[in-house]
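The figures here come from the full heavy-atom set of this structure, side chains too, leaving out hydrogens, waters and symmetry mates. Note that this is a predicted model, so its numbers are computed, not measured.
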Amino acid sequence: MPDLLANLNAEQLAAVTLPDEPALILAGAGSGKTRVLTTRIAWLIQNGHVSPAGILAVTFTNKAAKEMQTRLSAMLPVNTRAMWIGTFHGLCNRMLRAHFRDAGLPQTFAILDSQDQLSALKRLLKAHNVDDEKYPAKNLQYFINNAKEQGLRPADVEANDDFNKRFVDLYAAYDEQCQREGVVDFAELLLRCYELLRYNDAIRQHYQHRFRHILVDEFQDTNVLQYQWLKLLAGFGTQHPAAVFAVGDDDQSIYAFRGANVGNMRDFEHEFRVRRLIKLEQNYRSHGHILDSANHLISHNARRLGKNLRTDAGHGEPVRVFQADSDGREAAWLLDEIRDQVAQGASRSEIAILYRSNAQSRVIEHALFSAGIPYRVYGGLRFFERAEIKHALAYLQLLENPRNDAAFGRVVNFPTRGIGARSLETLQDAARQYNCSLFEAVAYVPGKAGSTLGAFVRLIEQMRADTRRMTLPETVEHVTNTSGLVTHYQGEKEGQDRIENLQELVTAAQAFVVEEGYGLDALAAVLPAEPAGTRALAAGDQVQQVLDPEALPVVMTPLVAFLTHASLEAGDNQAQAGQDAVQMMTVHAAKGLEFDVVFITGLEEGLFPHENSMMDPDGLEEERRLMYVAITRARKRLYLSFAQSRVLHGQMRYHVRSRFFEELPDAALKWLTPPAAGPGSQPRRQNEGGWGRDWFKKPEDVPFTGSKPTGGMDRGNNYANAQREAGSGFRIGQGVFHNKFGEGVITALEGSGADARANINFKRHGAKWLALAVAKLDPID
């Protein structure tokens with residue numbers, strides 16, 4: 001038998017050798033949590049406290065469960081398969097299989113994954129003649145799963161209006177459908193197992209007697225029902241409850257949107273009367289400056305159990321902070337730093353770029369793609385491969401070429417418009433019979449199917465007409481809204497992220513027009529003016545011919561060029577399996593990972609912390625925990641960056657730096673950039689680690705309107721305003737007309753040449769920043 005306790009630090013040793021009673025272990029990032037869990041199990045078995053069959057260990061991922069089993073197999077000469085080690089869903093499935101009759105299930109019950117559940121709900125809505133636009137299947141899925149995670153059956157759900165009452169009725173009908181078909185969804189696994197233990201005394205007592213030691217990993221991520229299930233299994237309230245060994249970190253609780261309840265840790269400590277709370281604060285991952293930054297930041301959260309990470313590895317390198325004047329400059333700086341790190345011998349796979357929102361990845365992806373640097377999007381898809389983006393691109397492809405059958409098939413019934421498989425088969429038969437495209441074959445489909453398909457064709461034709469004189473960004477925005485994509489995703493539980501991606505597609509179009517020279521004037525210069533009388537092209541225009549093909553380059557409309565660009569970026573530069581590549585991911589996806597070099601980008605108010613959390617103390621604390629997780633991913637070098645301006649949703653926005661900078665220790669930071677002239681700038685000074693922070697105003701000192709700060713560089717700068725007016729051909733206070741937004745008045749001008757922008761207060765659409773090189777503005781006297 002190996003010496004299990006060798007090389008454990010004092011805190012780890014205390015946790016592993018605790019007596020047989022409930023205990024709470026606060027395990028900080030990089031503190032050896034998995035080692036403590038597995039060593040605790042091995043120590044209990046080796047010293048005769050429990051047999052392998054008396055152990056139940058709960059993890060949150062199958063990967064973590066397999067890692068635990070592998071480590072235990074190396075530590076103990078016993079068969080670890082006898083132990084119950086797995087996820088909540090895996091263990092509940094095992095219990096329900098053993099007691100299927102008592103659970104009211106067939107022995108061969110099937111499990112529905114998320115997509116299968118959604119399909120079942122769509123069948124249910126159709127069978128009950130329910131309007132799926134008023135009661136979308138996605139919304140119903142969220143409603144049912146949320147109720148189950150709270151431990152509520154239909155009879156237990158309070159319906160405070162007719163809409164929710166209808167959802168409760170559908171929940172009951174769905175339960176009946178699943179029971180009839182002998183299937184369970186993921187949420188049902190846990191709820192059905194909880195009910196099995198709650199209402200069957202014999203089974204509950206059997207498992208309470210068997211599992212005298214229950215170990216729970218990532219306890220901060222448990223939801224309400226998971227905690228209730230654990231309490232039943234542990235015999236909470238009985239004379240001799242099981243020894244629950246709960247390991248977690250309340251500072252890393254970042255899944256509230258999935259139902260995780262960080263309060264479970266405090267409730268556990270109180271309800272189980274925990275006498276042993278041990279803090280694992282020795283960090284084996286990061287250097288001192290990184291940990292100091294994490295400790296200072298998280299100390300601003302009020303509702304925490306409290307701990308401070310420390311290390312014996314020394315202070316290491318300071319945390320580097322970079323201010324960019326735009327998101328494009330931020331991406332360019334990232335490339336320079338990555339190249340420098342690789343040149344110094346760093347592996348690209350040990351370099352991670354983190355961002356708060358998926359939509360932020362596009363600008364960085366484009367920079368990496370253009371530079372030929374291999375990258376991998378961890379835990380997600382690259383921007384142009386995401387489903388909502390592919391849907392939008394399919395609509396745009398139909399504007400340019402309605403005969404594109406692949407694009408037609410992708411979106412003809414998305415969002416759903418009552419076009420079923422039988423209607424599509426009829427359409428395909430007509431296309432074969434008349435040797436034409438699906439779009440053209442709609443005219444030959446009779447009856448209700450033809451009418452429904454015809455409505456889709458009219459939608460495409462109307463969008464083609466609407467966008468004929470629009471710029472490319474305007475076309476993209478019009479299509480994402482008119483097609484119903486934005487409305488569809490507004491009804492999804494996590495649809496906001498998809499909507500942000502669609503809005504970022506507008507930004508991508510805006511950037512493409514500027515970068516590739518697809519402004520209207522540029523196109524007019526390329527095409528012959530006589531004798532064809534060619535005019536400047538809008539995004540939806542078709543180029544029929546070029547008079548002298550040998551003398552002129554091949555000309556594409558901006559829309560075709562943009563679609564080609566999207567296809568090329570989607571098809572190239574994604575790292576192959578095993579290739580050394582830069583890692584890109586959201587902060588949520590980064591939890592549990594670690595890298596030598598970490599970049600945390602977009603640290604601006606409204607982005608990180610996210611604007612949805614700004615007015616909610618609990619939401620702001622979760623954002624701070626998310627930042628804490630991001631910081632503690634870094635081993636050796638950490639970069640923090642933000643941009644003064646960022647193109648969002650096709651418009652230039654001006655931001656102030658994140659409030660999190662005020663919560664980091666000065667001694668740990670090295671500012672890489674002297675302050676550029678910009679909103680909220682102040683006189684600067686230089687400090688030991690680089691440029692100091694005095695030159696910034698605090699976020700609350702700069703009025704934030706969602707577009708441009710009202711203070712700063714434009715205040716009293718009459719000469720600069722005069723120069724901008726002269727260069728742009730427009731003046732502040734001038735009336736203008738835009739073919740989409742209507743009449744407005746110019747309230748501010750910025751930049752020059754291709755970078756010139758105007759802030760226009762439109763009568764019906766409010767204030768918007770528009771690029772003068774792209775937006776077609778007509779002056780109004």
Those residues at least two apart in sequence (or on a different chain) that pass ring pair (Phe, Tyr, Trp, His ring centres under 6.0 Å) with Phe322 are Trp333

Begin from the C-alpha positions of Ile338 and Phe599 and carry the test side-chain contact (heavy atoms from CB on, under 4.5 Å) through to its verdict. CA-CA 10 Å; Ile338 290 171; Phe599 294 86; 4.0 Å; yes

task: Give the ring-plane orientation class for Phe369 versus His366, where under 30° counts as parallel, over 60° as perpendicular and anything between as tilted.
output: parallel

Smallest heavy-atom separation, Phe383 atom then Leu505 atom, equals CZ-N, 3.8 Å

Scan side-chain atoms only and decide if Asp497 and Asn358 contain a donor-acceptor pair under the 3.5 Å cut-off.
yes

message = Applying ring pair (Phe, Tyr, Trp, His ring centres under 6.0 Å) to Phe608 and Phe642, what does each step give before you reach the verdict?
response = CA-CA 10 Å; Phe608 202 179; Phe642 63 99; over 10 Å; no

All heavy atoms of Leu772 vs all of Leu777, minimum pair found to be CD2-CD1, 3.6 Å

Say whether, by atom type as modelled, one donor and one acceptor occur between the side chain of Thr487 and the main chain of Gly484 under 3.5 angstrom. no

Residue set satisfying ring pair (Phe, Tyr, Trp, His ring centres under 6.0 Å) with Phe439, at least two apart, ordered chain then number -> none

Taking Gln644 for the side chain and Gln323 for the main chain, is one N or O donor matched with an acceptor at less than 3.5 Å? no

Here the pair of heavy atoms bringing Val479 nearest to Leu396 is CG2-CD2, 3.8 Å

Check whether Thr586 reaches the backbone of Ala589 with its side chain - one donor and one acceptor, N or O, closer than 3.5 Å. yes

Problem set entry | side-chain contact (heavy atoms from CB on, under 4.5 Å) between Val745 and Val736, intermediate numbers included | CA-CA 6 Å; Val745 176; Val736 293; over 6 Å; no

Discussion item. Run the side chain to side chain donor-acceptor pair (under 3.5 Å) test on Asn145 and Gln117 for me, step by step, so that the C-alpha distance in whole Å, both residues' side-chain angles and the decisive distance to 0.1 Å come before the verdict.
Written reply: CA-CA 10 Å; Asn145 290 343; Gln117 183 191 25; 2.9 Å; yes

Checklist line | Asn146 side chain vs Tyr142 backbone, donor-acceptor pair below 3.5 Å | finding: no

Which word best sums up how the rings of Tyr489 and Phe414 line up, parallel for under 30°, tilted for 30 to 60°, or perpendicular for over 60°? tilted

Between the side chains of Thr471 and Glu474, does any donor sit under 3.5 Å from an acceptor?
-> yes

Q. Tell me, do Arg403 and Cys436 make a side-chain contact under 4.5 Å, heavy atoms counted?
A. no

Sorted by chain and residue number, the side chain to side chain donor-acceptor pair (under 3.5 Å) partners of Glu604 (sequence neighbours excluded) come out as Arg646, His655

In terms of heavy-atom contacts, Ala590 and Leu354 come closest through CB-CD2, 3.9 Å

Under a plain distance cut-off of 3.5 Å, with no hydrogens placed, do Thr475 and Arg464 share a side-chain donor-acceptor pair?
no

Worksheet entry | Heavy-atom check, side chain of Ile746 versus side chain of Arg731, under 4.5 Å | no

Practice problem: Compute the ring centroids of Phe163 and Tyr135, then answer whether they are less than 6.0 Å apart. | Solution: yes

| task | Using a cut-off of 6.0 Å, state whether more than 12 heavy atoms not belonging to Arg329 lie near its atom CZ. | result | no

CZ (Arg386) and CG (Leu393) are apart, to the nearest 0.5 Å, by 12.5 Å

The side chain to side chain donor-acceptor pair (under 3.5 Å) partners of Gln428 (sequence neighbours excluded) come to none

Validation row: Glu504, Val363 side chains within 4.5 angstrom (heavy atoms)
yes

Residue set satisfying side chain to side chain contact (heavy atoms under 4.5 Å, CB included) with Thr416, at least two apart, ordered chain then number -> Asp132, Asn413

Between Val513 and Pro473 the two heavy atoms that sit nearest each other are CG2-CD, 4.1 Å

- Minimum side-chain heavy-atom gap Leu485-Glu388 below 4.5 Å: no

In the structure I gave you, are the side-chain heavy atoms of Met584 and Tyr355 within less than 4.5 Å of one another anywhere? yes

Glu623 meets the salt bridge (charged side-chain N to carboxylate O under 4.0 Å, His left out) criterion, sequence neighbours left out, with Arg356

Across all chains, not counting sequence neighbours, the ring pair (Phe, Tyr, Trp, His ring centres under 6.0 Å) partners of Tyr378 are none

Exactly one candidate in Thr601, Asp327, Thr673 meets side-chain contact (heavy atoms from CB on, under 4.5 Å) with Ser641; the answer is Thr601

Name every donor-acceptor pair, under 3.5 Å, that has one atom in a side chain of residues 404-411 and the other anywhere in the protein, sequence neighbours excluded.
from, atom 1, to, atom 2, distance (Å)
Asn404, OD1, Ala406, N, 3.2
Asn404, OD1, Ala407, N, 3.0
Asp405, OD1, Leu438, N, 3.0
Arg410, NE, His391, ND1, 3.2

Q) Less than 4.5 Å apart, any side-chain heavy atom of Asp466 and any of His478? A) yes

Let's go through Phe456 and Leu398 carefully: what are the C-alpha distance in whole Å and the side-chain angles of both, what is the deciding distance for side-chain contact (heavy atoms from CB on, under 4.5 Å) to 0.1 Å, and is it a yes or a no? CA-CA 11 Å; Phe456 174 70; Leu398 288 177; 3.9 Å; yes

Salt bridge (charged side-chain N to carboxylate O under 4.0 Å, His left out) filter on Asp131, not counting sequence neighbours, yields none

The side chain to side chain donor-acceptor pair (under 3.5 Å) partners of Ser437 (sequence neighbours excluded) come to Glu440

Rounded to the nearest 0.5 Å, the CG atom of Asn501 sits from the CD1 atom of Ile389 at a distance of 5.0 Å

Taken to the nearest 0.5 Å, the spacing of Thr507 OG1 from Glu500 CD works out to 11.0 Å

Rounded to the nearest 0.5 Å, the CD1 atom of Ile760 sits from the NE2 atom of His738 at a distance of 7.5 Å

The ring pair (Phe, Tyr, Trp, His ring centres under 6.0 Å) partners of His610 (sequence neighbours excluded) come to none

Between Ala392 and Leu502, the two heavy atoms sitting closest are CB-CD2, 3.9 Å

Considering only heavy atoms from C-beta outward, does the side chain of Leu125 approach that of Lys122 to under 4.5 Å? no

Self-check item: Ser423 side chain vs Ile419 backbone, donor-acceptor pair below 3.5 Å
Solution: no

Residues at least two apart in sequence or cross-chain that pass side chain to side chain donor-acceptor pair (under 3.5 Å) with Gln490, listed by chain then number, are none

Heavy-atom side-chain contact between Leu472 and Phe512 under 4.5 Å
yes

Under the criterion side-chain contact (heavy atoms from CB on, under 4.5 Å), I'd like the reasoning laid out for Gln503 against Ile499: C-alpha separation, chi angles, the key distance, then a yes or no. CA-CA 6 Å; Gln503 293 169 334; Ile499 292 172; 3.9 Å; yes

Salt bridge flag under 4.0 Å for residues Arg659 and Glu605: yes

